[in-house]
Every structure is written in C-alpha cells, then in structure tokens.
Amino acid sequence: MKDKKRDQPTGCQFIDVPFEFRHTCWFCGEPYYESYSFMAIPNYEQQKLPIMVPCCQECFSFCKSIKASGLDLLRDKVKEKLHRKYEKHLQIGANWTKEELEDCEFEGKALEGFRESAWKMFEIAKERVNYTGWPLTIDGLPMVGISSSFHIEFNGITYTGLSQAVEQLAKAYNIPQAYLEDVVEVVGRDRLSYAIRFAKTTYGYSSAEREASIGSLKALLAEERALSQPEITQVKGVDAELSDIQELILYRTMISPIAIRWCLKQGIVTLAQLAEQEEAFFEYFMKDSELVAFTYFNGMQVYLEKREQDTLWAENEDPNRGLFAKLASE
Ligand SMILES: [Zn+2]
C-alpha cells in the first residue's frame, strides 16, 4: 500500500485494489485503462479529495459525462449506460435460449455469423452489467453509504432499480413501457416475470383496453389472494358428553366414543372432513399412543363411510344419529 502511494499524485485518494483485481475496471470487470477521478456533485458529504476509481476505457468515458453525489450512484449510472449501449446484446437472452440459437438455421453469411457470436455477445454484456466490483475501501477503511439495495434481478440480469428494469424489459419484450409500469405496480416488484407474461398476453394497447386489462388483473390477484388463504370451514361442532355417545362395532371394527366425541366437537361428519383433519386427529390422539390414534382413526373411517353409504341406516339406526342430527342443524 505504501509503495503504491509513493508514485501517486497527491491531492487525491485511491480506492484499495486487491491484488487479483489490479488490472480490472471496478464498474464492469473489463481490463483496466485509467482511473477516473471522482468528485461528488452535489457534494452532500463534503468530500474533500477526489477518489480515484479504476476503469476500463468505456466506463472511463461514461464516467466523464456523469454527475453523481456518491460512488454508488455513479456506478448505477455507468451500469445504465452499459445497459443502453448493449441493449440489443442483452435482449438476445430475452428472445432466445442458447439451445434455440444453436439449433436454428439461419441462412446467409451474415445471419450465420450472428448465430455464432450472438450468445457470446449476450454473455459478455450480461457479465459486465452484473459485475459487482469489489468492496470499496480506502486505506483499509470501508467507505460508508455504498448501497445496492435498489438493485433488482430479472432473468439473470441485474438492473439498477425497478424503473430501469421496467424500461429495459419493456423494450426487450416489446411491451409499451407505460403499460408494463402499470402492470408491475399492480403485481409488485417481486413478480416481474408474471407482470411481463401478463402484459405480453393482454393484447390491445388502446387506453380503454389497457384499463380493462388492469381491472381484470386486479380481480385476478384478489381471487388468487382469497384462494391462498386457507378456507375456513367454520362448521360448528357439538360438545357431547361421553356418556351420551354409544360405542359401536361395524364390520368387526370397534368405534370408540372418545374418537366420535372428538369428531363431533370438530364438526366432522364426512370422510372428506375427517381426511382434512387427519393431522389434527393424530396430533391429538398420539398423546395416548400411535396404536390408539391409528385404531381410533381407522374406526372413524369405517363409521363415517358407513354413514355416507347407508343413509337409511344413518338416519334410522345409528345409535348416535341424534348427535349427528344435532350437528347438521347447528
Ligand atoms: Zn468498465
């Protein structure tokens, strides 16, 4: 570190460069060309000396046209310029997969050339925009306030923020930007691919058509939310006294009043409802023993199946029909 400082001009500070990155652009990972001398504009943090940041030739020229109040903002703006400049390259990944590109038959020299180099161009551009640099320190002290919390990733590509992502993705997927913005606002930033799929498949881009699509999207999401909430089957149970419940034997299976009581209390009268509550059933009766729980459950299955299949028996002969009737009328 000391040696490096000696041949550096005074009146500026250099960010620390780990050995393995000593020939690397901090912004995009390409080979080093020159250090950009950064001064914050506006200078909120009262930065005194310019900070020297290693750049490749391209990022260096980007930097010269950017005003930023912090290094993280400078980085984001450089990335945005890279995105814009290599927009077509980055779109290759949106429109093709590597395999599709290999399999397709382009005819003519120019197109064959495209096929051969397209995926490579895409990967290089992707690596550059995704490159995160190394942690920023000066003389070993971390620089504060370097944030990438707004960054957003979609389909393996990092964007500096939601609005930049939407702008680029609208172009890549050929969707009017304002429409995609509206859709993303409804579905949320975590579901970009859903938003893109929706926007792409809702054709018609007149404002009336868009409004109708947004309306149906809202309805769709509301429905989805309702479905994702566990259905509350508020069947009122009946709290019966154990002594009021008759033990019975069906097909050589003993059906325990204790199990019947539990089921009545949960409002379980069908096999389907029993299946829904299977976990709760076992959790409750495992306290006794696994065998008890299993025997009780098996008994209830036999009992409820009999009641479902033989409704005459259920209505007229089941010794507990009064309790089940009570449950049905609740
Ligand atoms: Zn660079």
Side-chain angles (χ1 to χ4, degrees), residues 1 4-5 7-9 12-41 43 45 47 49-94 117-169 171-172:
M1 199 74 60
K4 193 184 83 182
K5 284 273 146 71
D7 40 28
Q8 281 173 6
C12 66
Q13 44 193 344
F14 279 75
I15 66 163
D16 298 334
V17 180
F19 184 77
E20 64 269 36
F21 296 116
R22 66 199 183 285
H23 303 303
T24 311
C25 169
W26 179 72
F27 296 97
C28 77
E30 284 285 293
Y32 173 80
Y33 166 71
E34 200 175 323
S35 282
Y36 174 68
S37 133
F38 170 73
M39 273 304 288
I41 301 170
N43 193 352
E45 311 281 324
Q47 184 191 335
L49 297 171
I51 299 168
M52 306 302 284
V53 187
C55 290
C56 67
Q57 193 163 7
E58 203 167 19
C59 292
F60 184 77
S61 71
F62 288 151
C63 283
K64 286 195 292 188
S65 64
I66 294 170
K67 286 186 176 66
S69 61
L71 263 176
D72 50 351
L73 290 173
L74 175 69
R75 174 201 56 199
D76 286 356
K77 288 183 177 175
V78 168
K79 296 285 190 187
E80 282 162 22
K81 283 181 182 288
L82 277 171
H83 262 282
R84 225 162 286 147
K85 183 161 180 187
Y86 294 101
E87 196 173 281
K88 290 276 169 273
H89 295 190
L90 290 166
Q91 285 173 7
I92 290 166
S117 59
W119 195 257
K120 212 174 172 89
M121 295 190 307
F122 164 67
E123 290 203 309
I124 291 171
K126 185 173 108 171
E127 265 170 41
R128 292 183 72 194
V129 298
N130 285 355
Y131 188 75
T132 54
W134 53 90
L136 284 186
T137 59
I138 292 176
D139 291 336
L141 296 171
M143 292 183 63
V144 287
I146 299 291
S147 159
S148 45
S149 55
F150 293 107
H151 289 185
I152 191 163
E153 199 219 276
F154 180 76
N155 210 4
I157 294 175
T158 304
Y159 300 88
T160 58
L162 185 59
S163 63
Q164 194 233 354
V166 169
E167 179 197 314
Q168 294 298 320
L169 292 169
K171 283 188 220 164

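Reckoned from all heavy atoms, side chains included, excluding hydrogens, waters and symmetry mates. Both counts, for ligands and for their atoms, begin at 1 and track the order of listing. As the structure is a computational prediction, the values presented were derived from the model and not from experiment.
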Of S147, S149, S148, the residue whose pairing with H151 passes side-chain contact (heavy atoms from CB on, under 4.5 Å):
S148
Tell me the protein N, O or S atoms under 2.8 Å from the Zn ion (ligand 1), in chain and number order.
C25 SG, C28 SG, C56 SG, C59 SG
Side chain to side chain contact (heavy atoms under 4.5 Å, CB included) with Q91: which residues, sequence neighbours excluded?
E87, K88, N95, K171, A172
Does either side chain, that of T137 or that of D16, offer a donor lying less than 3.5 Å from an acceptor on the other one?
yes
Would you say the side chain of Y32 lies within less than 4.5 Å of the side chain of V17, judging by non-hydrogen atoms?
no
With sequence neighbours left out, what residues match E45 under side chain to side chain contact (heavy atoms under 4.5 Å, CB included)?
none
Could you give the side-chain donor-acceptor pairs of residues 158-165 under 3.5 Å, partners two or more places apart or in another chain?
unit_1, atom_1, unit_2, atom_2, d
T158, OG1, N130, OD1, 3.2
T160, OG1, E80, OE2, 2.5
T160, OG1, Q164, OE1, 3.2
Q164, OE1, T160, N, 2.7

